[in-house]
Each structure stands twice: as C-alpha cells, then as structure tokens.
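Data first, discussion second: the structure below is written as structure tokens.
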Protein chains: 2
Amino acid sequence: MNIEGIKNIITKGGLKFTHQRMVIYNAIAEAKNHPTAEHVFEQIKSDNPSISLGTVYKTLDTFVTAGIIQKFVDNKGVMRFDGILEAHSHLYCKKTNEISDYKNAELEALLTKFFDKNQIEDFDIDEISIVIKGQKL
Amino acid sequence: MNIEGIKNIITKGGLKFTHQRMVIYNAIAEAKNHPTAEHVFEQIKSDNPSISLGTVYKTLDTFVTAGIIQKFVDNKGVMRFDGILEAHSHLYCKKTNEISDYKNAELEALLTKFFDKNQIEDFDIDEISIVIKGQKL
DNA sequence: TTTCCCACTAAGAATGATTCTCATCAAAGA
DNA sequence: TCTTTGATGAGAATCATTCTTAGTGGGAAA
Ligand SMILES: [Mn+2]
Ligand SMILES: [Mn+2]
Ligand SMILES: [Zn+2]
Ligand SMILES: [Zn+2]
C-alpha cells in the first residue's frame with residue numbers, strides 16, 4: 001500500500017496523520033503473521049531510531065479503538081494485531097507458535113445458520129470465531 | 001466431591017496426594033466459572049492461611065501437565081483453569097467478563113463433518129474450539 | 001525407630017508484557 | 001505570533017506469572 005492509501009485509512013478513522021502512525025500502520029498492513037507490539041517495534045526501529053516502544057503500544061491501541069485494525073490475545077497471553085478487519089478464524093501452530101488466517105465462507109454460513117436456529121438462552125451473541133490448534137506440516 | 005474422590009484423581013494423575021493439592025483441586029472442581037490462580041487462592045486462603053500463591057500457580061500447572069485439569073488464556077491475557085476435561089466451547093461476556101461453558105453435540109458433529117470434508121492444506125488439526133463473545137442478558 | 005532423601009512448599013525476588021505519568025513537541029487554529 | 005491540544009519519547013509502575021532458594025515433612029531404607 002502506498003502512503004496515500006495509508007493516509008486515507010488513518011484519517012478515515014478520525015485520526016491525525018503522523019509519521020509514526022504511518023510506519024506503524026504500514027508494518028501491520030505488510031505483516032503476514034499476526035505481529036506483537038514488540039514485533040512491530042523491531043520491524044520499524046532501524047528506519048525510525050527515535051520511535052518509542054510505548055508509542056507503538058499506544059498507536060496500535062488507538063488504531064484498534066478507531067476500528068482500523070483488530071487485536072486479540074494469543075494462547076501465550078500476548079497481544080496480537082491484525083490488519084484484516086473481516087471476521088476470520090486462526091490456525092495456531094503448536095510447533096512454531098505461528099498464527100495463520102483461515103477464511104471459509106461455507107463454514108461461516110454454517111455457523112450463522114446454526115446459531116440462528118439454536119439461540120443460546122440468556123446470551124446475545126456479538127461475534128463467533130473458531131480457534132484451530134494443530135501443526136503445520 | 002469427597003476427599004477420597006479427589007485423592008483418586010490426583011493419584012491417578014501420578015501425583016503425590018497432599019493437603020494443598022487437595023484443597024486446590026477441590027476449588028477447581030467446585031468452581032462454576034473458570035477461575036484464575038488468584039481466584040483459587042482467594043477461595044482457599046481463609047481455611048488455609050499458610051498457603052502460598054506461588055504454590056497455587058505451581059500446583060495448577062502440575063495438574064495441567066498431569067492432565068487432570070485444563071487451562072486456557074482469556075481475552076485479557078489471564079490464565080483460566082477448568083476442571084472439565086471434555087472439549088467444549090466458551091461464552092465470553094463482554095459486560096461482566098464471565099466465561100461460561102457451552103456444550104452442544106450437534107454443533108460439534110457439524111464441525112467435525114465440515115473439517116472432515118474440508119481439510120486445511122498443510123495443517124494437521126488437533127483441536128477445534130469456538131469462542132463466542134457477547135452479552136449475558 | 002532413626003536416618004536419609006527428595007519431592008513439596010513458602011516467601012519473596014525476578015521477569016516480561018503492558019500501561020501510566022509526565023515533560024516536551026508540533027501542528028492547527030485563533 | 002500566541003495558544004491550545006493532541007502526539008510522542010522516556011522511563012517508572014503495574015500485574016500476572018515464573019523463578020530461586022531455603023526450609024519441611026513423610027515415607028523408603030537401614
Ligand atoms: Mn468450567
Ligand atoms: Mn501478561
Ligand atoms: Zn488474522
Ligand atoms: Zn469450560
């Protein structure tokens with residue numbers, strides 16, 4: 001994604017466009033895995049030596065609140081960030097600790113249909129996600 | 001569960017039966033929610049004033065390794081313990097942060113069938129769990 | 001029974017991820 | 001230009017969890 005594209009996303013989120021926000025958003029958009037704040041910091045600090053880890057945490061959180069990225073906690077208890085906004089599932093590799101995306105429209109339709117029919121009593125569902133644990137081959 | 005029942009479970013796990021292990025296992029077995037180590041500690045310390053929080057952490061971890069309880073990380077990144085060993089799903093309440101169990105044989109059959117047909121390439125699935133977020137009414 | 005051993009425990013220090021505080025800075029507006 | 005307000009950098013503080021270390025105690029072994 002080019003700078004203009006990133007600027008658009010950030011300003012559409014109601015946020016001021018700054019250099020730090022640009023490089024942090026760019027790191028998330030480029031990441032194939034689901035980086036931690038530390039990962040993002042390591043990724044960008046050689047080109048931005050004065051950036052602070054606290055700013056990375058704060059900015060990522062600002063992005064989440066603005067709704068332009070997502071976050072979740074991995075099974076080690078560490079926060080992961082995700083530039084993909086659509087609902088999707090995650091594959092956790094027990095060997096490498098990598099988290100990859102899994103998106104399947106049929107599966108989502110199946111689940112939606114199931115929970116339409118089988119409402120859970122006294123519980124209003126906001127979102128459903130599937131956690132798949134196993135091994136990359 | 002009575003003391004003998006607890007003793008059986010602990011020794012079947014290959015562990016020596018001690019007073020601390022007894023009260024900690026009992027707290028997990030009695031808990032309706034999915035307690036943290038801190039919860040367990042609060043629960044038992046009035047009757048066991050000399051017990052240490054470190055022992056609670058260590059013992060819970062020992063139980064998990066022995067396969068007599070389960071653990072998982074909640075969406076705040078905090079470890080939760082669960083005396084139920086069978087696979088089941090969890091309902092996360094965004095309001096109260098409570099986690100309740102959800103078990104539905106039809107849903108499990110549906111998922112098993114789906115992933116039998118639709119294998120994920122280069123990935124060997126060990127376990128599938130559903131995370132349902134929403135609000136208790 | 002006495003001794004010896006070793007897993008178990010208590011206490012608190014250390015760690016790692018995250019959040020908070022606060023001083024400084026920079027852009028935007030008055 | 002002056003003012004305001006939000007953004008940033010630096011590092012302290014927090015919180016859950018793990019680690020270290022020094023007792024303890026209950027059985028095997030003598
Ligand atoms: Mn439970
Ligand atoms: Mn943590
Ligand atoms: Zn993802
Ligand atoms: Zn459960």
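So you know, we letter chains A, B, ... as the sequences are listed, proteins then strands, and number each from 1. Note that these values count all heavy atoms, side chains included, but never hydrogens, waters or copies made by symmetry.
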>> Looking at every heavy atom in both B:Leu60 and B:Ile24, which two are closest together, and how far apart are they?
In response: CD2-CG2, 3.7 Å

> For A:His90 and A:Phe72, what are the C-alpha separation, side-chain angles and deciding distance, and is it a ring-ring contact (aromatic ring centres under 6.0 Å, His included)?
Replying inline: CA-CA 11 Å; A:His90 288 140; A:Phe72 61 94; 4.5 Å; yes

> For the pair made of CG in A:Asp74 and P in C:dG16, what is the distance, rounded to whole Å?
Replying inline: 16 Å

Residues 108-124 of chain A, side-chain donor-acceptor partners within the protein, below 3.5 Å, at least two apart:
{"residue": "A:Thr112", "atom": "OG1", "partner": "A:Glu108", "partner atom": "O", "Å": "2.7"}

> Quick one: A:Phe63 CZ to D:dA7 C1', roughly how many Å, whole number?
Replying inline: 12 Å

>> Quick check for you: among D:dT17, D:dA7, C:dA10, whose closest atom lies nearest to any side-chain atom of A:Lys16?
In response: D:dA7

>> Distance check needed: C:dA17 C1' versus A:Lys71 NZ, whole Å only.
In response: 13 Å

> If you check every side-chain atom of A:Ser50, which of D:dT17, D:dG9, C:dT18 has the closest atom?
Replying inline: D:dG9

> Want to settle it: does B:Lys58 or A:Gly54 sit nearer the 5' end of DNA chain C, counting the closest nucleotide to each?
Replying inline: B:Lys58

> In whole angstroms, how far is the C1' atom of C:dG16 from the CZ atom of A:Phe41?
Replying inline: 15 Å

> Roughly, in whole Å, what's the span from CG in A:Leu60 to P in D:dT8?
Replying inline: 12 Å

> Taking CD1 from A:Ile10 and C1' from D:dA7, how many angstroms apart are they, rounded to a whole number?
Replying inline: 13 Å

Got a list of side-chain donor-acceptor pairs under 3.5 Å for residues 1-12 of chain B, not counting sequence neighbours?
{"residue": "B:Asn2", "atom": "OD1", "partner": "B:Gly5", "partner atom": "N", "Å": "2.7"}
{"residue": "B:Thr11", "atom": "OG1", "partner": "B:Lys7", "partner atom": "O", "Å": "2.8"}
{"residue": "B:Thr11", "atom": "OG1", "partner": "B:Asn8", "partner atom": "O", "Å": "3.2"}

> Counting side-chain heavy atoms from C-beta on, which of C:dA10, D:dA10, C:dT18 comes nearest to A:Leu53?
Replying inline: C:dT18

>> Using 0.5 Å steps for rounding, measure from the CZ atom of A:Arg21 to the CG atom of A:Asn26.
In response: 15.5 Å

> When you match B:Met79 and A:Ser52 each to their closest nucleotide on DNA chain D, which lands nearer the 5' end?
Replying inline: A:Ser52

>> What is the separation between atom CD on B:Glu42 and atom P on D:dA16, rounded to the nearest whole Å?
In response: 11 Å

>> Please pick, from D:dT17, D:dT8, C:dA17, the nucleotide with the shortest atom-to-atom distance to any side-chain atom of B:Val78.
In response: D:dT17

>> As a test of reading the structure: which of C:dT9, D:dT17, D:dA7 is closest to the side chain of A:Arg21, going by heavy atoms?
In response: D:dA7

> For B:Glu38 and D:dC15, what is the distance between atoms CD and C1' respectively, to the nearest whole Å?
Replying inline: 10 Å

> Which nucleotide in the list C:dT18, D:dA16, D:dT8 gets nearest to the side chain of A:Tyr57?
Replying inline: C:dT18

>> Counting only side-chain heavy atoms from C-beta out, which of D:dT17, D:dA7, C:dA10 sits nearest to A:Thr18?
In response: D:dA7

